[in-house]
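Below is one structure, written out as structure tokens; comments come after it.
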Amino acid sequence: MLTLADIVAARDRIAGGIYESPCVESIPLSQLTGARIYCKLDYLQRTGSFKERGARNALLLLTEEQRRCGVIAASAGNHAQGIAYHASLLGIPVTVVMPRFAALIKVTNCRQFGANVILHGADLTDARVHAEELAQRDGLTFIHPFDNDNVMAGQGTMGLEIMDQAPDLDAVVVPVGGGGLLAGVGTVIKTMKPTARVIGVEPVHAACFTAARAAAKPVSVPLSPTLADGLAVAQLGARPFEALATVVDDVVTVDEAAIALAILRLIELEKSVVEGAGAAPLAAFLAGKLDSLAGKRVVLALCGGNIDLTMLDRVIEVGLVADGRLTRFAVSIADRPGGLARLTEVIAATGASVKEIVHDRAFAGPDLSAVRVICVVETTGHEHVRELHAALAHAGMGVVG
């Protein structure tokens with residue numbers, strides 16, 4: 001069983017090799033959520049995530065023979081980068097197996113750190129099975145991303161820093177993938193301040209901890225694509241589950257719209273670019289899952305910043321739609337001179353801004369005097385959208401789709 005002593009020893013072991021990230025109070029997020037919010041900025045680690053903590057601790061505990069032979073890991077990105085980076089610093093040969101869908105920038109980063117990168121499998125499960133086979137075949141030490149005592153102890157060092165930086169906290173909210181980070185941080189918080197609440201957050205599309213609690217054991221769950229790809233784990237780790245049984249008060253799930261909106265809010269309010277997994281704690285607040293923490297001192301573990309830049313614009317747009325600041329609708333207008341001008345006048349009069357207009361004559365219906373117009377409009381929020389729809393209806397151009 002993971003203990004506070006294990007985590008304290010890990011902190012001493014990795015000292016000097018890991019950035020002690022700040023834990024800062026956020027006035028805008030406090031105003032937004034109604035809680036007194038502190039953000040643990042662990043996405044500021046060299047490779048962009050907390051995974052470096054567990055990676056370095058596990059690597060430092062290898063025997064001389066294991067170091068000489070080398071290590072292997074399986075990861076879609078963050079664990080692979082953490083292992084690759086710290087193995088390069090310690091002079092340990094490293095191989096990482098990544099799913100074929102892994103973001104190209106993460107693959108490139110691992111190679112730049114000197115890792116031998118193997119792309120294999122459609123998902124992380126396939127990659128992990130292949131990595132374990134290679135470990136057996138080639139005499140490599142397999143370092144699991146979360147189901148590993150030394151990795152969990154390393155991740156828990158974040159909790160020690162949080163207790164040093166925000167000792168009066170009432171709660172800490174931590175993302176859940178395989179459970180290693182939550183187990184480590186929860187062990188620290190519950191040992192040092194038992195009255196504080198420890199809450200896990202996972203995406204609806206990968207709710208393996210919720211399923212494990214219901215079954216009283218880790219079970220496999222079906223995965224669906226999620227913006228929080230770092231949390232897309234089909235089955236909670238056995239070792240984390242054992243630790244989590246006594247250190248977690250609750251776990252909540254968040255949908256994709258809440259995750260996208262959280263990413264957007266962090267960019268706008270905190271000037272922080274955080275990946276979906278790292279934004280999950282704020283998403284739980286935005287989804288109304290943590291209303292019981294109003295007025296409390298709450299630390300959000302913003303633990304990953306490796307968002308795929310090719311997806312960032314799409315994530316922002318999804319967030320804007322969820323926020324009511326980007327809306328699409330269709331109206332039927334007269335197909336004669338002045339019809340479109342009248343439509344844009346109504347939109348402008350409400351203070352909305354037209355982003356895109358498309359005429360749809362082929363599917364507008366049998367009335368050849370009218371044309372269906374599809375509009376994408378920038379607004380200030382959901383109330384503004386309702387005002388716009390009302391103005392269109394008043395002008396005889398009611399929204400039809």
Measure from the side-chain N and O atoms of [X] to the backbone N and O of [Y], and report whether any donor-acceptor pair falls under 3.5 Å.
X      : Y      : result
Asn57  : Asn150 : yes
Arg325 : Thr379 : no
His79  : Ile143 : yes
Ser30  : Ile37  : yes
Arg239 : Asp147 : yes
Lys190 : Ala196 : yes
Glu202 : Thr210 : yes
His86  : Ile18  : no
Asp250 : Ile199 : no
Ser272 : Val274 : no

Specify the closest pair of heavy atoms between [X] and [Y], including all atoms of both residues, with the distance to one decimal.
X      : Y      : value
Arg128 : Pro145 : NH2-CG, 3.9 Å
Ala207 : Val221 : O-CG1, 4.1 Å
Ala35  : Leu293 : CB-O, 3.4 Å
Gly177 : Leu236 : O-CD1, 3.9 Å
Ala58  : Val151 : CB-CG2, 4.0 Å
Ala166 : Cys23  : CB-SG, 4.5 Å

Run the side-chain contact (heavy atoms from CB on, under 4.5 Å) check on Val71 and Ile83 step by step: do they pass? CA-CA 9 Å; Val71 299; Ile83 288 287; 4.2 Å; yes
Is [X] salt-bridged to [Y], cutoff N-O under 4.0 Å?
X      : Y      : answer
Asp168 : Arg297 : no
Arg100 : Asp126 : no
Arg53  : Asp42  : yes
Arg46  : Glu52  : no
Arg36  : Asp170 : no

For the CD atom on Glu383, are there more than 12 heavy atoms of other groups (residues, nucleotides or ligands in this structure) within a distance under 6.0 Å?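 Buried by this count: over 12 neighbours within 6.0 Å.
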Taking everything shown except Lys193 itself, do over 12 heavy atoms lie less than 6.0 Å from its NZ?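 Atom NZ in Lys193 is crowded, with more than 12 foreign heavy atoms closer than 6.0 Å.
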I'd like to check [X] versus [Y] (side-chain heavy atoms, cut-off strictly below 4.5 Å). Are they in contact?
X      : Y      : value
Gln81  : Ser49  : no
Met152 : Pro240 : yes
Leu160 : Val8   : yes
Val273 : Ile307 : yes
Asp291 : Phe285 : no
Glu387 : Thr350 : no
Val354 : Ile357 : yes
Glu161 : Arg11  : no

Working for side-chain contact (heavy atoms from CB on, under 4.5 Å), residues Met397 and Arg342: CA-CA 10 Å; Met397 295 180 285; Arg342 185 162 175 260; 4.2 Å; yes
Parallel, tilted or perpendicular: which fits the ring planes of Phe329 and His389, with parallel below 30° and perpendicular above 60°?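 Rings of Phe329 and His389: perpendicular, over 60°.
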Kindly determine whether Val247 and Leu182 satisfy side-chain contact (heavy atoms from CB on, under 4.5 Å), including the steps that lead there. CA-CA 9 Å; Val247 301; Leu182 182 59; over 6 Å; no
Can you list everything that forms a ring pair (Phe, Tyr, Trp, His ring centres under 6.0 Å) with Tyr38? Sequence neighbours excluded, please.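 With sequence neighbours excluded, Tyr38 shows a ring pair (Phe, Tyr, Trp, His ring centres under 6.0 Å) to no residue whatsoever.
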Determine all donor-acceptor pairs shorter than 3.5 Å in which one atom belongs to a side chain in residues 253-261; sequence neighbours excluded.
residue, atom, partner, partner atom, Å
Asp255, OD1, Ala257, N, 3.3
Asp255, OD1, Ala258, N, 2.9
Glu256, OE1, Thr226, OG1, 3.4
Glu256, OE1, Leu227, N, 2.6
Glu256, OE2, Thr226, OG1, 2.8

Does either side chain, that of Ser292 or that of Arg197, offer a donor lying less than 3.5 Å from an acceptor on the other one?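 Yes, because at least one side-chain N or O of Ser292 sits under 3.5 Å from a partner of the opposite role on Arg197.
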With no hydrogens and no angle check, just 3.5 Å: does a side-chain donor-acceptor pair link Gln165 and Lys40?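 Yes, Lys40 and Gln165 have a side-chain donor paired with an acceptor closer than 3.5 Å.
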With side-chain contact (heavy atoms from CB on, under 4.5 Å) as the test, pick out the partner of Pro281 among Leu300, Val298, Val172, Leu290.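 Testing Pro281 for a side-chain contact (heavy atoms from CB on, under 4.5 Å) against Leu300, Val298, Val172, Leu290 leaves exactly one candidate, Leu300.
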